[in-house]
Asker: 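Before I ask anything, let me first share the structure, which is written out below as structure tokens.
We're numbering straight along the sequence, starting at 1. Values below: all heavy atoms of this structure, side chains included; hydrogens, waters and symmetry mates excluded.
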Amino acid sequence: MKIGLDILGGDYAPNATILGAIEAQQLLTGDQKLVLFGDEEETKSLIEKAGGNPSDFEYIHAPENISMGEHPTKAITQKPNSSIAKGFELLKNGEIDSFASAGNTGAMLVGSIFSVKTVPGVLRPAITTIVPKLKSGFGLLLDVGANADCKPEMLNQFAILGSLYSQHMFGISSPKVGLLNIGEEEEKGNILTTTTYPLLKNNERINFIGNAEGRDLFSDIADVYVCDGFTGNVVLKLAESFYVVTLKKGLKDEFFDRFNYEQYGGSPVLGVNAPVIIGHGISTPQAIKNMVLQSRDMIQSDFIDKIRSAFN
């Protein structure tokens, strides 16, 4: 198993990514190798300074970095030696089994769609995020930013992708799927939700429970919440602010602690032909470590094959 990690991506890179990589490597087994993308000599030097062993890792020399403000498509095309471009090159060729980065989200999506490509039958990939439940456990919300505008057929597929992830990564045998909406009644919502509802209702591959309102998001009503990427991203950013507010207010609560993105690593891109994880731009070493472990778990579960079988 070869797990690819972009050393140059993220606001605190390369120091945070190096520290996270060292922590993650200590939790990997002998047949699991971490492949680091960045300036090779600088990376080795930083690993030594951080107390790690450079020989524990493999390296791909990719000295260029795609910054957060660059145009994703132009950057990948014009910077073939960037860490993200090199990562997708090796992922496409099967030389690594997964790729993760806390760098430019747009570039990661472009690489996912145009390099690794979507699984045949999938209309558009989706980004998912974890939603803490009030009692215990987690739900999933998707899409949270890959597709600002969606068609009903896309949301119907997001429900399948989210159900598969919930089944094979969280071990939930029959995940409950809710359509994020402004009311419980079937006829409520806008054109997108009212036309999506019957598709989900008639989809025999999911356990659809109907509409779910924003106030239901942290309850046990559903395990998978489906929405367009515009709505999902607004909800995601709002939910992320909860944890920050509790810290500023000096509140200590186990539930709000579970809003800390560091615990989960990153957001997987579901529906493409390889495990791709997009990390938060402000990823800390802990978040980087968990992003690597998340990549490992996706590889071990043969999750991509599960998607291919579902859309075959």
Side-chain angles (χ1 to χ4, degrees), residues 9-11 68 72 100-110 112-113 124-134 137-150 154-155 157-159 161-163 165-166 169-170 175 177-182 189-190 192-193 196 211-248 253 255-272 276-284 286-288 290-291 294 298:
D11 294 352
M68 295 296 191
S101 172
N104 187 303
T105 299
M108 289 294 288
L109 280 172
V110 169
S112 298
I113 296 170
R124 289 296 300 268
I127 303 175
T128 186
T129 192
I130 286 174
V131 178
K133 292 187 177 183
L134 193 55
F138 304 97
L140 286 179
L141 175 67
L142 73 162
D143 177 31
V144 293
N147 312 278
D149 295 299
C150 289
M154 292 162 63
L155 265 62
Q157 289 194 348
F158 295 167
L161 291 170
S163 294
Y165 194 85
S166 191
M169 299 300 291
F170 295 160
V177 177
L179 175 63
L180 200 60
N181 208 335
I182 59 171
N190 56 16
L192 177 61
T193 56
T196 298
N211 287 327
E213 297 179 85
R215 62 186 175 187
D216 300 323
L217 202 58
F218 309 115
S219 72
D220 291 322
I221 285 179
D223 302 297
V224 178
Y225 296 91
V226 177
C227 61
D228 61 273
F230 183 93
T231 303
N233 195 265
V234 171
V235 173
L236 170 64
K237 298 291 172 59
L238 176 64
E240 284 180 343
S241 73
F242 293 166
Y243 179 66
V244 176
V245 169
T246 59
L247 292 179
K248 288 181 177 179
D253 185 89
F255 173 66
F256 287 112
D257 286 346
R258 289 193 281 130
F259 280 84
N260 183 0
Y261 72 93
E262 295 178 344
Q263 295 184 27
Y264 314 117
S267 299
V269 181
L270 303 186
V272 294
V276 175
I277 308 285
I278 300 176
H280 205 298
I282 55 172
S283 287
T284 61
Q286 182 187 356
I288 297 294
N290 287 326
M291 195 158 61
Q294 188 180 11
M298 285 186 73

Asker: Please tell me if the side chains of Val269 and Ile113 come closer than 4.5 Å, counting only heavy atoms from C-beta onward.
Answerer: no
Asker: Any chance you could lay out the side chain to side chain contact (heavy atoms under 4.5 Å, CB included) test for Thr246 and Asp253, step after step, and finish with the verdict?
Answerer: CA-CA 8 Å; Thr246 59; Asp253 185 89; over 6 Å; no
Asker: For residues Cys150 and Leu155, report the shortest heavy-atom separation together with the two atoms involved.
Answerer: CB-CD1, 3.4 Å
Asker: At their closest point, which heavy atom of Ala126 faces which heavy atom of Asn147, and how far apart are they?
Answerer: CA-ND2, 4.3 Å
Asker: Is there a donor-acceptor contact under 3.5 Å from the side chain of Arg258 to the main chain of Gly137?
Answerer: yes
Asker: Tell me, do Lys133 and Asp223 make a side-chain contact under 4.5 Å, heavy atoms counted?
Answerer: yes
Asker: Would you say that Leu180 contacts Leu141 through its side chain, given a criterion of any heavy-atom pair below 4.5 Å between the two side chains?
Answerer: yes
Asker: For a quick test of your reading: what N or O donor-acceptor pairs under 3.5 Å do the side chains of residues 231-239 make, sequence neighbours left out?
Answerer:
{"from": "Thr231", "atom 1": "OG1", "to": "Asp228", "atom 2": "OD1", "distance (Å)": "2.9"}
{"from": "Thr231", "atom 1": "OG1", "to": "Asp228", "atom 2": "OD2", "distance (Å)": "3.2"}
{"from": "Asn233", "atom 1": "OD1", "to": "Lys237", "atom 2": "NZ", "distance (Å)": "3.1"}
{"from": "Asn233", "atom 1": "ND2", "to": "Val144", "atom 2": "O", "distance (Å)": "2.8"}

Asker: Which residue is it: Leu142, Leu109, Val276, Leu270? I am looking for the one with a side chain to side chain contact (heavy atoms under 4.5 Å, CB included) to Ile127.
Answerer: Leu109
Asker: Rounded to the nearest 0.5 Å, what separates atom CG in Asn181 from atom CG in Asp216?
Answerer: 11.0 Å
Asker: Looking at Phe242, I'd like to know if its CZ atom is crowded, meaning that more than 12 non-hydrogen atoms belonging to other residues, nucleotides or ligands lie closer than 6.0 Å.
Answerer: yes
Asker: Are any side-chain N or O atoms of Asn290 and backbone N or O atoms of Ala287, one a donor and one an acceptor, separated by less than 3.5 Å?
Answerer: no
Asker: Hey, are the side chains of Met291 and Ile288 touching, using non-hydrogen atoms and a 4.5 Å cut-off?
Answerer: yes
Asker: Which atoms form the tightest heavy-atom contact between Gly178 and Ala212, and what is the distance?
Answerer: CA-CB, 4.5 Å
Asker: Once rounded to the nearest 0.5 Å, what's the spacing between atom CD1 of Ile278 and atom CE of Met108?
Answerer: 5.5 Å
Asker: With side chain to side chain contact (heavy atoms under 4.5 Å, CB included) as the criterion, how do Met68 and Asp11 come out once you've worked through the C-alpha distance, each side chain's angles and the decisive distance to 0.1 Å?
Answerer: CA-CA 9 Å; Met68 295 296 191; Asp11 294 352; 3.8 Å; yes
Asker: Atom CZ in Phe158, atom OG1 in Thr128: separation rounded to 0.5 Å?
Answerer: 10.5 Å
Asker: Please name the pair of heavy atoms, one in Pro125 and one in Ala146, separated by the smallest distance, quoted to 0.1 Å.
Answerer: O-CB, 3.8 Å
Asker: Measure the NZ-OG distance between Lys248 and Ser241 for me, rounded to the nearest 0.5 Å.
Answerer: 9.5 Å
Asker: Are Phe259 and Phe218 near enough that their ring centres are under 6.0 Å apart?
Answerer: yes
Asker: How far apart are the closest heavy atoms of Phe230 and Ala148, and which atoms are they?
Answerer: CB-O, 3.4 Å
Asker: Decide yes or no for Ile182 and Thr193: does some side-chain heavy atom of the first lie under 4.5 Å from some side-chain heavy atom of the second?
Answerer: no
Asker: Just wondering, do Tyr225 and Leu140 contact through their side chains at under 4.5 Å, heavy atoms?
Answerer: no
Asker: Could you list the residues that satisfy side chain to side chain contact (heavy atoms under 4.5 Å, CB included) with Val110, not counting sequence neighbours?
Answerer: Pro72, Thr73, Ile76, Phe114
Asker: Check whether any side-chain heavy atom of Asp143 sits under 4.5 Å from a side-chain heavy atom of Met154, and report yes or no.
Answerer: no
Asker: Just by distance, do the side chain of Ser166 and the backbone of Gly162 share a donor-acceptor pair under 3.5 Å?
Answerer: no
Asker: Determine yes or no for a side-chain-to-main-chain donor-acceptor pair under 3.5 angstrom, with Asn104 supplying the side chain and Ala107 the backbone.
Answerer: yes
Asker: Once you measure the plane-to-plane angle for Phe170 and Phe138, does it fall in the parallel (<30°), tilted (30-60°) or perpendicular (>60°) bin?
Answerer: tilted
